[in-house]
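We number each residue from 1, following the sequence as shown.
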Amino acid sequence: SGRSDEALAKLRAAQDSDPLSSGPRMQQAMLHFHRWFRQDQPQAADADFGKFEQLAAEALRLDRRAFQSRQAVGYLYLKAYKRTDDPQCLDKALDLLEQAVDLYPQDAMAHAILAWAAHQFGRSDPVSIDAAAHAARALEIDDVTPHDERMLKNRRLLAEISTALADYPLIAQAREKSAREWMLEIQ
């Protein structure tokens, strides 16, 4: 905890020197999340989790077009949901992944990740995400993608989110599936 306290102090100083930058807030949010997650039995009401939520929200507010930041925070909320079964964490995760798609609608992988998350975890509120529609859109975009390295058949969906969900049991069973294979299954 001493090293993370020192890192947080340096990040707060960076935030104070550039109050309009989202970076230091996002890095602080990530540190608070990981401190919270390392606890034996983390609760969503924990102070570190509260700081994660506050700082992540501030960072996203400062950088309203931050597609990748929304995905990253969404992954962390999925990880929190998996650990706590708190439906609010799931709702926040899916909301952020959906916002990422809204910000970058031509990204096949963004649609694929949202489709996968909605398919795997469902949603606790009445507003449902149509996993099949996002899977179909991912495949449509993929069909016109000219770059091999960006094609879903050459990307591993679960590897893209492994830093947040590496210990999720379904990943161990399906580690070799391509993003395209996932989309065909969901569609």
- Task: Could you state whether W116 and L184 fall into the same hydrophobic cluster, counting links through intermediate Ile, Leu, Val, Met, Phe, Trp or Tyr residues with side-chain heavy atoms under 4.5 angstrom apart?
- Result: yes
Between [Y] and [X], is there a side-chain heavy-atom distance shorter than 4.5 Å?
| X | Y | value |
| --- | --- | --- |
| Q54 | R25 | no |
| H32 | L55 | yes |
| F52 | V73 | yes |
| Y77 | K82 | no |
| R155 | M151 | no |
| L114 | I129 | yes |
| F67 | V101 | no |
| L97 | L78 | yes |

Could you measure the distance from the [atom1] atom of [X] to the [atom2] atom of [Y]? Nearest 0.5 Å is fine.
| X | Y | atom1 | atom2 | value |
| --- | --- | --- | --- | --- |
| D46 | R35 | CG | CZ | 9.5 Å |
| Q15 | L20 | CD | CG | 11.0 Å |
| R156 | M109 | CZ | CE | 9.5 Å |
| Q39 | D48 | CD | CG | 6.5 Å |
| R64 | L103 | CZ | CG | 11.0 Å |
| S178 | K153 | OG | NZ | 9.5 Å |

- Query: With no hydrogens and no angle check, is any side-chain donor or acceptor of Q27 less than 3.5 Å from a backbone partner on P24?
  - Reply: no
- Keeping the roles fixed (side chain from T145, backbone from H147), state whether a donor-acceptor pair exists under 3.5 Å. no
- Message: Between N154 and E149, does the side-chain hydrogen bond (donor to acceptor under 3.5 Å, both in side chains) criterion hold? Intermediate values first, please.
- Response: CA-CA 6 Å; N154 297 322; E149 73 280 2; over 6 Å; no
- Task: Give me the ring orientation class for F49 and W36: parallel if the planes are under 30° apart, tilted from 30 to 60°, perpendicular past 60°.
- Result: tilted
- Task: Look at the rings of F33 and F37 and say which category their plane angle falls in: under 30° parallel, 30 to 60° tilted, over 60° perpendicular.
- Result: parallel
- Non-neighbouring partners of R137 that pass side-chain hydrogen bond (donor to acceptor under 3.5 Å, both in side chains), sequence neighbours left out: Q106, E140
- Query: Got a salt bridge between D142 and R150, using NZ or NE/NH1/NH2 to carboxylate O under 4.0 Å?
  - Reply: no
- Message: Checking S22 now: which residues fulfil side-chain contact (heavy atoms from CB on, under 4.5 Å) with it, not counting sequence neighbours?
- Response: A59, L62, D63
Search all heavy atoms of [X] against all heavy atoms of [Y] and return the closest pair with its distance.
| X | Y | result |
| --- | --- | --- |
| R70 | L60 | NH2-O, 3.2 Å |
| W182 | Q120 | CZ3-NE2, 3.2 Å |
| A138 | L152 | O-CD1, 3.7 Å |
| M26 | A56 | CE-O, 4.4 Å |
| A118 | A131 | CB-CB, 4.0 Å |
| A93 | G74 | CB-O, 3.3 Å |

- Message: Go through it in stages, so that I can follow the logic: the residues are E185 and E181, the test is side chain to side chain contact (heavy atoms under 4.5 Å, CB included), and I'd like the CA-CA distance, side-chain angles, deciding distance and then a yes or no.
- Response: CA-CA 6 Å; E185 181 179 308; E181 290 168 319; over 6 Å; no
- Query: Between H119, H111, Q187, which is the residue that forms a side-chain hydrogen bond (donor to acceptor under 3.5 Å, both in side chains) with H134?
  - Reply: H111
- Step by step, would you call Q71 with L96 a side chain to side chain contact (heavy atoms under 4.5 Å, CB included)? CA-CA 6 Å; Q71 276 190 326; L96 287 163; over 6 Å; no
